[in-house]
2 protein chains.
Amino acid sequence: MERRGFIKSLGAGALAAGSLAVAPQAVAAKAEFKWKMITSWPKNFPVLGTNANYLAKNIEQMSGGRISIKVYGANELVPPFEVFDAVSRGTAQMGHSGAYYWKGKHEATQFFGAIPFGMSGQEVNAWLYYGGGMALWEELYDKFNLVPTATGNTGAQMAGWFRKDINSLADLKGLKMRIPGLGGEVLKRAGGTPVNLSGGELFTSLQSGAIDATEWVGPYNDLAFGFHKVAKNYYYPGWHEPGSTLEAIINKDAFAALPDDLQAIVKQACKSANMDMLAENVAKNNTALDTLVNKHQVQVKRLPDDVLVRLHGLSLEVVQEVADRDPFSRKVYESYTEFSQRASRWTDISEFAYLQARAL
Amino acid sequence: MERRGFIKSLGAGALAAGSLAVAPQAVAAKAEFKWKMITSWPKNFPVLGTNANYLAKNIEQMSGGRISIKVYGANELVPPFEVFDAVSRGTAQMGHSGAYYWKGKHEATQFFGAIPFGMSGQEVNAWLYYGGGMALWEELYDKFNLVPTATGNTGAQMAGWFRKDINSLADLKGLKMRIPGLGGEVLKRAGGTPVNLSGGELFTSLQSGAIDATEWVGPYNDLAFGFHKVAKNYYYPGWHEPGSTLEAIINKDAFAALPDDLQAIVKQACKSANMDMLAENVAKNNTALDTLVNKHQVQVKRLPDDVLVRLHGLSLEVVQEVADRDPFSRKVYESYTEFSQRASRWTDISEFAYLQARAL
């Protein structure tokens with residue numbers, strides 16, 4: 001669901017309409033800490049932008065207004081992909097974004113965002129909170145003067161919208177698909193042609209046939225985008241983003257300046273928002289899926305086994321290469337991989353086995 | 001994982017050793033609100049008791065000590081299954097328990113605990129927070145002067161420990177199994193004999209052959225109990241408890257007496273603890289499973305298809321009968337069922353389809 005291009009392509013006009021300050025004036029007036037939260041999403045963008053609003057509102061309420069937080073949409077204060085740097089240097093005290101955008105800062109950031117054929121959302125949270133993942137994330141971001149938190153999860157995404165059928169591995173050859181990041185690299189090795197397009201170009205590119213396919217997120221976000229009008233094949237599963245984590249990042253100095261109670265409030269609010277976004281995605285995707293299928297006659301199709309097996313093998317290869325780039329990336333890779341292997345053994349006989357039983 | 005008998009069988013001596021007040025004296029001294037949290041678990045009981053401690057600690061920290069909470073294990077202040085009544089009448093301001101214990105108060109409580117062949121933990125949270133579930137829960141508990149919150153989830157449990165193999169539906173005939181509640185009723189209709197035994201009797205009953213099988217929770221809690229010493233067949237999936245919700249309940253008057261900021265703190269702390277317990281269960285079960293299999297040579301086996309299909313059919317029947325008992329139970333049943341059907345269609349092509357792809 002990498003939205004880099006999409007967000008870049010949004011004009012200032014589109015954003016201005018959604019510009020509502022979250023902090024009421026009364027609250028801001030007595031605030032001991034007046035914070036800015038910059039985000040990589042358009043203001044009030046469904047799920048992502050609204051989760052940032054929810055987070056800000058909860059911190060304000062819990063602190064009795066001692067912290068006021070004004071939420072800024074992408075480009076309102078800084079461009080969407082300068083959130084990391086801007087919070088790092090203190091232009092804003094807080095940011096709401098995704099770690100997979102910061103590969104240019106450090107390769108290891110990708111493990112805290114989305115890993116093709118990696119852990120599910122539920123497994124990722126277990127790794128972060130009880131498997132050492134959060135400590136590694138903190139160690140990594142500390143170098144950038146940031147305190148990271150896991151704030152939101154998409155759950156398993158969809159594989160994307162395709163103009164033609166994918167019946168076998170052969171159908172990936174030459175496939176022009178908009179799929180960025182590690183997933184794009186995997187597609188390339190499978191013979192496809194990953195294309196980078198801004199979100200604003202996606203719809204018309206798919207309509208004209210300039211691209212054969214595009215991934216996005218899941219039914220709720222995809223329905224709003226209207227992809228069903230130009231492609232009827234909606235493929236699953238989202239092998240490239242099986243449980244992507246979003247992040248709220250806090251400037252380390254701003255965090256250190258808070259008394260203990262307000263530090264606890266900020267951390268707990270992020271953990272609650274993490275739970276909230278996953279629940280929202282599950283609830284809203286299921287309703288949107290009904291609409292896509294029953295109202296818009298979208299064909300929901302599964303990628304064939306040979307395609308999935310090949311993409312899985314290539315994903316392991318691509319992710320392992322991230323570990324080869326530097327010692328810290330290797331350390332995170334090893335923690336992630338070791339936990340993932342154990343977690344999947346438990347998932348196989350618990351969550352997965354239950355879902356199989358229910359489907360019999 | 002109904003622990004009624006287990007907890008009843010625990011002596012005062014066993015509990016006394018674990019009696020540590022969570023609130024430091026310094027915090028309690030300046031507290032504006034000195035609360036008691038009574039629980040249905042032995043003090044510091046892994047995951048359940050420690051989640052109650054985590055919740056109390058977070059509320060204290062976030063409130064800067066304005067709320068102090070002393071956590072009581074089962075039987076320290078009231079017996080484990082008087083938590084609901086005691087919080088309702090204000091003996092304690094808060095309780096940590098499970099809604100499935102309160103069937104005697106109202107049949108509908110069962111939908112907020114565990115439903116055989118019901119929703120997964122992730123689906124349940126979507127229903128509660130974004131599908132109207134929480135509002136129904138609040139409506140139900142309001143009659144009892146209580147504010148409910150979802151505070152913890154076990155994730156999918158195990159089917160239990162069996163002394164003999166279950167190769168077909170015929171093997172359930174006459175099977176003496178400790179399995180309480182709706183799951184027990186389902187087993188009975190499949191020809192088995194559900195037995196109610198206190199937790200303290202479980203180990204010796206299984207050892208002597210007085211019972212053929214028992215369910216409990218999952219690897220982490222089961223390992224501590226030592227069932228692997230007297231039964232080597234560890235069956236999955238936990239069809240009777242696919243994602244059980246735990247609860248923190250608050251006395252309505254005590255909650256109303258809090259200023260807005262402290263109310264927000266209590267609610268958000270519960271939501272964060274809800275996320276935390278699921279993560280802890282996933283992380284610790286996977287490690288314990290390794291120990292059971294590799295160190296204790298436990299045989300992990302899957303219930304056969306015909307058994308699962310039959311139990312599923314009977315579960316739908318048994319759960320539907322709960323709806324027949326009164327109008328409010330029907331209202332909750334209809335909300336739960338309608339959401340569950342939609343949610344499972346999304347789960348099938350997201351979470352479930354991804355886990356299938358990963359397993360290819």
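In what follows, every chain begins at residue 1, and chains take the letters A, B, ... in the order their sequences are listed. For the numbers below, each heavy atom of this structure counts, side chains included, while hydrogens, waters and symmetry mates do not.
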Would you check, one step at a time, whether the test side-chain contact (heavy atoms from CB on, under 4.5 Å) holds for Ile349(A) with Met158(B)? CA-CA 8 Å; Ile349(A) 66 166; Met158(B) 291 291 285; 3.8 Å; yes
Mind listing the closest non-hydrogen atom pair of [X] and [Y] along with its distance?
X         : Y         : answer
Ala357(A) : Pro237(B) : CB-CG, 3.9 Å
Lys271(A) : Met275(B) : CG-CG, 4.1 Å
Trp346(B) : Asn281(A) : NE1-O, 4.4 Å
Tyr130(B) : Ala283(A) : CB-CB, 3.5 Å
Ser350(B) : Ala156(A) : C-CB, 3.6 Å

Segment of [X] engaging chain A (4.5 angstrom heavy-atom cut-off):
X         : result
Gln263(B) : neither
Tyr129(B) : side chain
Val293(B) : neither

If one checks every heavy atom of Ala359(A) against chain B at 4.5 Å, the contacting part turns out to be side chain
Report the option among [options] that has the most heavy-atom pairs separated by less than 4.5 Å from atoms of chain A.
options                                    : result
Asp305(B), Val300(B), Leu278(B), Asp276(B) : Asp276(B)
Ala264(B), Gly238(B), Ser272(B)            : Ser272(B)
Leu289(B), Leu311(B), Val124(B)            : Leu289(B)
Asn274(B), Leu128(B), Asp260(B), Val309(B) : Asn274(B)
Asn125(B), Leu308(B), Leu355(B)            : Leu355(B)
Ala159(B), Ala269(B), Ser63(B), Pro219(B)  : Pro219(B)

Taking atom [atom1] of [X] and atom [atom2] of [Y], what is their separation to the nearest 0.5 Å?
X         : Y         : atom1 : atom2 : result
Leu55(A)  : Gln268(B) : CG    : CD    : 9.0 Å
Arg345(B) : Thr287(A) : CZ    : OG1   : 9.5 Å
Phe352(A) : Tyr236(B) : CZ    : OH    : 9.5 Å
Leu360(A) : Leu303(B) : CG    : CG    : 11.0 Å

Between Arg358(B) and Glu123(A), is the closest basic N to carboxylate O distance under 4.0 Å? yes
Arg342(A) and Asp290(B), any side-chain heavy atoms less than 4.5 Å apart: yes
Phe339(B)/Asn286(A) under side-chain contact (heavy atoms from CB on, under 4.5 Å): CA gap, chis, key distance, verdict: CA-CA 9 Å; Phe339(B) 191 92; Asn286(A) 85 50; 3.7 Å; yes
Under 3.5 Å, is there a donor-acceptor pair between the side chain of Tyr354(A) and the main chain of Phe117(B)? yes
More than 12 non-hydrogen atoms from neighbouring residues, nucleotides or ligands closer than 6.0 Å to CZ on Arg310(B), yes or no? no
Partner chain B: residue of Glu280(A), Gln122(A), Gln61(A), Lys267(A) with the largest heavy-atom pair count (under 4.5 Å): Glu280(A)
